[in-house]
Amino acid sequence: MANDYIIGDMVELSEFPQLAVKYNVQGVPKIIINEENSLVGSITEMEFAQAVLKAIGK
Amino acid sequence: MGIISEKDREQLVKTLKPLANNVRIITFTQEFECENCKITRNLIKEVSELSDQISFETHDFVKERDLAKNYGVDKIPATILLGDRDYGIRFFGVPAGYEFTTFIEDILLISRRDSGLPKEVLTELSKVDQPVHIQVMISPT
């Protein structure tokens, strides 16, 4: 909601187990940003925003 | 007999009462419906009936392939929450259990047209100038 460039999906892994394999999910919540960057566990909103910026090289 | 219990229904009606603005919900399913697609469609329909300000429509993932693609829907069941525009919020799978709470909270945020994030976080996010696809992988609790 904060930026129109950002799309956020919630993915229920029990219904899409192939994605758990694809992204090597061993713990949840696991966050994947633009396919290649990942974060596991709970983080603050600011840490998350910074991870998003890092993913696009900022 | 609905999916949402009578007790939960009463609570939800109270929670959703002060909707600031209309919320539109779209669910993608298909003609030959998977079990979870059916559950999702029925669940969202029940949620939409809790408030006059929530509209609900279903689309066919197979027959409306282009529309699905426009919304970035590559698997079903998929549920999209919209306000006056697309805020980029999608749920893949049944938004049940703990996710149901998130789902209801998202309806409230969209109705307010406000993410509720602190100002400094919004400042950071305003720097995003190219598409970002975030996938939060969760499992039922």
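Each chain gets a letter, A, B and so on, in the order its sequence line appears, and its residues count up from 1.
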Within this structure, what is the [atom1]-[atom2] distance for the pair [X] and [Y], rounded to the nearest 0.5 Å?
{"X": "I7(A)", "Y": "R90(B)", "atom1": "CD1", "atom2": "CZ", "result": "4.5 Å"}
{"X": "I134(B)", "Y": "N37(A)", "atom1": "CD1", "atom2": "CG", "result": "11.0 Å"}
{"X": "K127(B)", "Y": "Q50(A)", "atom1": "NZ", "atom2": "CD", "result": "8.0 Å"}
{"X": "S139(B)", "Y": "E15(A)", "atom1": "OG", "atom2": "CD", "result": "11.5 Å"}
{"X": "F16(A)", "Y": "M137(B)", "atom1": "CZ", "atom2": "CE", "result": "10.5 Å"}
{"X": "M46(A)", "Y": "E124(B)", "atom1": "CE", "atom2": "CD", "result": "4.5 Å"}

Measuring heavy-atom distances to chain A, does [X] have an atom under 4.5 Å in its side chain, in its backbone, in both, or in neither?
{"X": "L109(B)", "result": "both"}
{"X": "L81(B)", "result": "neither"}
{"X": "R85(B)", "result": "side chain"}

Checklist entry - Does any heavy atom of chain B fall under 4.5 Å from the side chain of N34(A), the backbone, both, or neither of them? => result both
Checklist entry - A55(A) versus chain B, heavy atoms under 4.5 Å apart: side chain, backbone, both or neither? => result neither
Item to check | Joint hydrophobic cluster, L108(B) plus I80(B), side-chain heavy atoms closer than 4.5 Å | outcome: no
Checklist entry - Transitively linked via ILVMFWY side-chain contacts under 4.5 Å: I89(B) with F56(B)? => result yes
Checklist outcome for this item: With chain B, the option among M10(A), K30(A), E45(A) that has the most non-hydrogen atom pairs under 4.5 Å is M10(A)
Checklist entry - Given the options L53(A), L19(A), I33(A), which has more heavy-atom pairs under 4.5 Å with chain B than any of the others? => result L53(A)
Nearest heavy-atom neighbours spanning [X] and [Y]:
{"X": "M1(A)", "Y": "D114(B)", "result": "CE-N, 3.5 Å"}
{"X": "Y5(A)", "Y": "V128(B)", "result": "CD1-O, 3.4 Å"}
{"X": "G93(B)", "Y": "E12(A)", "result": "CA-CB, 4.0 Å"}
{"X": "I56(A)", "Y": "P131(B)", "result": "CG2-O, 4.5 Å"}

Checklist entry - Side chains of D9(A) and V136(B): closer than 4.5 Å at any heavy-atom pair? => result no
Next on the checklist: Please identify, among P95(B), S115(B), G116(B), the residue contributing the most non-hydrogen atom pairs under 4.5 Å to chain A.
Outcome noted: S115(B)
Next on the checklist: Out of D86(B), V94(B), T79(B), L122(B), return the one with the most heavy atom pairs under 4.5 angstrom to chain A.
Outcome noted: V94(B)
